[in-house]
There are 4 protein chains.
Amino acid sequence: MRVPSQKSSVATEARAPQRERGRARVAALLAAATAVFAEKGYDAATMTEIAARARASIGSLYQFFPTKELLAEALHAANAEALAALLEAMASRLAGKPAEALADILFSEFSSFLAEHPAFVALGDRRGIDPKSKKATRQVLRGQIVKLLTATKPPVPRQRAQALAIVVLHLLRVAVAIEGEADLEGRGTVLDEIRLMLKRHLSGR
Amino acid sequence: MRVPSQKSSVATEARAPQRERGRARVAALLAAATAVFAEKGYDAATMTEIAARARASIGSLYQFFPTKELLAEALHAANAEALAALLEAMASRLAGKPAEALADILFSEFSSFLAEHPAFVALGDRRGIDPKSKKATRQVLRGQIVKLLTATKPPVPRQRAQALAIVVLHLLRVAVAIEGEADLEGRGTVLDEIRLMLKRHLSGR
Amino acid sequence: MRVPSQKSSVATEARAPQRERGRARVAALLAAATAVFAEKGYDAATMTEIAARARASIGSLYQFFPTKELLAEALHAANAEALAALLEAMASRLAGKPAEALADILFSEFSSFLAEHPAFVALGDRRGIDPKSKKATRQVLRGQIVKLLTATKPPVPRQRAQALAIVVLHLLRVAVAIEGEADLEGRGTVLDEIRLMLKRHLSGR
Amino acid sequence: MRVPSQKSSVATEARAPQRERGRARVAALLAAATAVFAEKGYDAATMTEIAARARASIGSLYQFFPTKELLAEALHAANAEALAALLEAMASRLAGKPAEALADILFSEFSSFLAEHPAFVALGDRRGIDPKSKKATRQVLRGQIVKLLTATKPPVPRQRAQALAIVVLHLLRVAVAIEGEADLEGRGTVLDEIRLMLKRHLSGR
DNA sequence: TATGAATGAGAGTTCATTCAT
DNA sequence: CATGAATGAACTCTCATTCAT
């Protein structure tokens, strides 16, 4: 594996654009990065192609994102934030509903979230990701699922909600994986099966 | 002088060793490949490192595995075969037991299988894998799970078993992922939760 | 980490430089390539040596010529263009002269052309050359010779000029080969012989 | 270019086989080498493929031909000898005929010779060929053509025959090249043209 | 002697990153 | 800031040749 030589001035953050023009550039770069990371995965994505898709020069890309890793981080963070906001918004809608109602909504929301942020999974799974930030991101998501679970009626006990949250998140990913599986007949049936399983489980008995 | 070789027959398979020495080499190479692929993933693994870990020259590695991709395929196929054999062996032990009994056994067997074949998941998930062979491998596994399910007492109807098999396999992967998750407190609780969920679901009600 | 790039658009052309610096580089690279291809032939020439002779890094070479084959193509095309221009320029000088006058001029011009473009023959003969472009290049050259022949006085009939053009081109190559033959005594006599043969043949009787 | 490390015991000749079995092997190896050199050229031909085509092991190939170069030399020498024998045989048939009769016979004999020894040209043109032996081979061929020319009626003066021989040999190659040229319409016409040109030239006036 | 395994220098190529204009 | 050129370590793969059985 190619280990980039340590720079003397280590960059740890994407530079923030100072002007209007810059903001548009950054948006275009992130959009291009989303597309390329989603299509090819982190490793096979190249900075050159990302720049090209954003109709920017390679130099320009590096102006805002000093390393490939930082670009991935910035993009992933933005995605995570969007997801957090989504869950936040769901909280009020779901409060007081029975736990099993969560399943349907979460499945459909998650699915459309990933359709709009197709690089999220690839970036979350990439190797070499800083374990600290990975954990942090997860904590946030789990915390939000826990909040949803403990706000149902009847509420899931906090203790159990912690474990359930993890299960729920994994199941969401499974569901998305199945949705995306090429030529799988009976996809619908399988998804129903999973949703049903989760609902039953959430309903307690 | 390397002249691009317009070969009439592009190699599509690992070359089989014909001597004892060769067999030993291939075994060592596969072991090394397992370790490296597991540690770094397909992309970041390098042929050079694999050869070095097997104390073989790079030329020796290529003698038996003409491309990195073919090495991965061969290794993955061997793993899949081992898994198939494992499931085959389980069939007799499990026949006639209630469906929910499957959960415990599958979880533990799968977990130890992956401990011994740590590259299996990484190789199964790599990009650029031939979709045909990917599907074929899956079909085999699913077929075997279906067999297990339809041999329980009472038997799961074939139709439903098809869908369930997919769910079961995904849950196994989830369980393994959780097992391997660094610094996750309450890992045990979460795993119990999943096992419970699956058991309930398999028990029909 | 080199990940095979499944590029949607495989490069089929040399990249054009956009800055003065780049133009100079490309010129140096082509000069170096000319020397190395001429000395060693296509197969034995190495990209590393070409880059080194141009005092460029290997990366720089690949920036403009994405493959060795493309480098050869670009160089050969440039040479062919130069030759075409040369023949074009001869057209006016020769129009109205008798056919046999062509021989002397063509021989000497061709000889000095190859002295200045010493890789032309090696590149034209290399294996794996795209048959389409090979044919195209030939057509152009033949067409120009035909033009010269049909513009003589008396003019060679078009039909016969087509066949003669091919003969003329081959004889030019033979002449050059003989010129370049190491330690051949009586080179001059042999060349005279060929020139004479061609002149007689062109003069019709 | 890959320069093979100097061996301590420099091999300078193909080893002669000692038994019947060995002679068959050598014949098979030479046949395979002929095919591969002809198809791919010297550089792109590989020892491995040659051995495989002869259904011999690579070790066996090296037993008889200690280097690729020596294999090429041996094959080329055998071809040259066959050609010399052919010309020898022609001498009696042609003695006393007019010079222009040579053209037709030489063209057709040469063409069928190359059909049976398709690697001859490729091996004769390869780079790195020992200039001494190259010159020697040529001398022999030229000498034989000279003999044919000086035995015609009326005989070509020795002096001129020397120069003519070279021209004749080159024209033979040109003819063969044209015969082999893919999709050239009017091939026949062109060949007639060349033959005619040579005949006229040989006829003196 | 025949066979197949072993070796490793060297080739083409890639791409993250830096630099000069 | 933008741009495109420059860099070179690292990577996959090849193949003539040698070795061990």
Side-chain angles (χ1 to χ4, degrees), chain A residues 1-5 7 11 15 17-19 21-22 25 45-49 51 56-64 66-69, chain B residues 1-5 7 15 17-26 45-49 51 56-69, chain C residues 1-5 7 15 17-26 43-49 51 56-64 66-69, chain D residues 1-5 7 11 17-19 21-22 25 45-49 51 56-64 66-69:
Chain A
M1 168 148 42
R2 181 136 148 234
V3 177
S5 58
K7 283 182 288 175
R15 266 190 257 309
Q18 308 291 3
R19 315 210 183 180
R21 181 96 177 284
R25 256 286 148 86
T46 75
M47 294 296 269
T48 305
E49 182 174 1
S57 69
I58 183 70
S60 203
L61 173 52
Y62 272 88
Q63 206 93 53
F64 294 106
T67 71
K68 187 181 176 182
E69 180 58 31
Chain B
M1 194 177 340
R2 186 168 149 207
V3 176
S5 57
K7 271 200 199 145
R15 222 160 271 144
Q18 323 227 343
R19 291 237 235 271
E20 193 46 39
R21 184 126 167 261
R23 263 183 293 277
R25 255 293 152 80
V26 165
T46 77
M47 294 298 268
T48 306
E49 180 173 1
S57 69
I58 185 68
S60 252
L61 173 52
Y62 275 93
Q63 186 106 42
F64 295 107
F65 303 100
T67 70
K68 185 181 176 183
E69 179 59 31
Chain C
M1 194 175 341
R2 186 167 147 210
V3 176
S5 57
K7 270 198 203 150
R15 220 160 274 143
Q18 323 226 343
R19 293 241 234 270
E20 194 47 37
R21 186 128 166 259
R23 264 183 292 277
R25 257 291 151 82
V26 164
D43 284 338
T46 77
M47 294 297 268
T48 305
E49 180 173 0
S57 69
I58 186 68
S60 250
L61 173 52
Y62 275 93
Q63 187 104 46
F64 295 107
T67 70
K68 185 182 177 184
E69 179 59 31
Chain D
M1 170 149 43
R2 180 135 148 239
V3 178
S5 58
K7 283 181 285 173
Q18 307 291 3
R19 314 206 183 186
R21 182 97 176 284
R25 255 288 148 84
T46 76
M47 293 297 268
T48 304
E49 182 174 1
S57 68
I58 182 73
S60 203
L61 173 53
Y62 272 89
Q63 206 93 52
F64 294 105
T67 72
K68 185 181 178 183
E69 180 58 31

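Order of the sequence lines fixes the chain letters, A, B, ..., with proteins taken first and strands second; residue numbering starts at 1 for each chain.
The interatomic distance linking L61(A) (CG) with dC1(F) (C1') rounds to 14 Å, in whole Å. Taking atom CZ of R15(B) as the reference point, atom P of dA6(E) lies 13 Å away to the nearest angstrom. For M47(A) and dT7(F), the CE to P distance is 21 Å, given to the nearest whole Å. Note: CZ (R21(C)) to P (dG4(F)) measures 14 Å, nearest angstrom. We find that CD of E69(C) is positioned 9 Å from P of dT13(E), with the value rounded to whole Å. Here dG8(F) presents its P atom at 22 Å from CE of M1(C), a figure rounded to the nearest Å. As rounded to whole Å, 16 Å separates atom C1' of dT12(F) from atom CD of Q63(B). Per the geometry, OH belonging to Y62(D) stands 14 Å off C1' belonging to dC19(F), to the nearest Å.
Residue S60(C) places its side chain closer to dA6(F) than to any other of dC13(F), dT12(F), dA6(F). Closest to the P17(B) side chain, of the nucleotides dA16(F), dT13(E), dA5(E), is dA5(E). Closest to the side chain of F64(C), out of dA5(F), dT17(F), dC15(F), is dA5(F). Each of dT12(F), dG4(F), dA5(E) was ranked by its minimum atom distance to the side chain of K68(B); first place goes to dT12(F).
Listed by chain and residue number, S60(D) satisfy the side-chain contact (heavy atoms from CB on, under 4.5 Å) test with S57(D) (two or more places apart in sequence, or in another chain).
A51(C) comes within 4.0 angstrom of nothing in the nucleic acid, heavy atoms only. Backbone-only contact: A45(D) has heavy atoms under 4.0 Å from sugar-phosphate atoms and none from a base. Looking at heavy-atom distances under 4.0 Å, T48(B) makes contact with a base.
Between R23(C) and dG4(F) there is no side-chain N or O to OP1 or OP2 distance below 4.0 Å. Residue R25(C) places at least one side-chain N or O closer than 4.0 Å to OP1 or OP2 of dT7(F).
One finds the NZ atom of K68(A) at 11.0 Å from the CG atom of L61(A) (value rounded to the nearest 0.5 Å). The distance from the CE atom of M1(C) to the OG1 atom of T46(B) is 10.5 Å, given to the nearest 0.5 Å. One distance of note links OH of Y62(A) with CE of M47(A); it measures 4.0 Å at 0.5 Å rounding. Taking CZ from R23(B) and CZ from F64(B), the interatomic distance works out to 10.0 Å, rounded to the nearest 0.5 Å.
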Paired and unpaired positions of DNA chain E as dot-bracket, Watson-Crick or G-U wobble under 3.5 Å, | denoting a partner strand
.||||||||||||||||||||

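Within the 3.5 Å criterion, the main-chain N or O of Q63(C) finds a donor-acceptor partner in the side chain of R15(C).
Of the two residues near DNA chain F, S57(A) and R19(B), the one whose nearest nucleotide lies more 5' is S57(A). The 5' end of DNA chain F is approached more closely, in terms of each residue's nearest nucleotide, by Q18(C) than by the other of Q18(C) and G59(B).
Taking all atoms of both residues into account, the shortest heavy-atom contact from P17(B) to G22(B) is CB-C, 3.5 Å.
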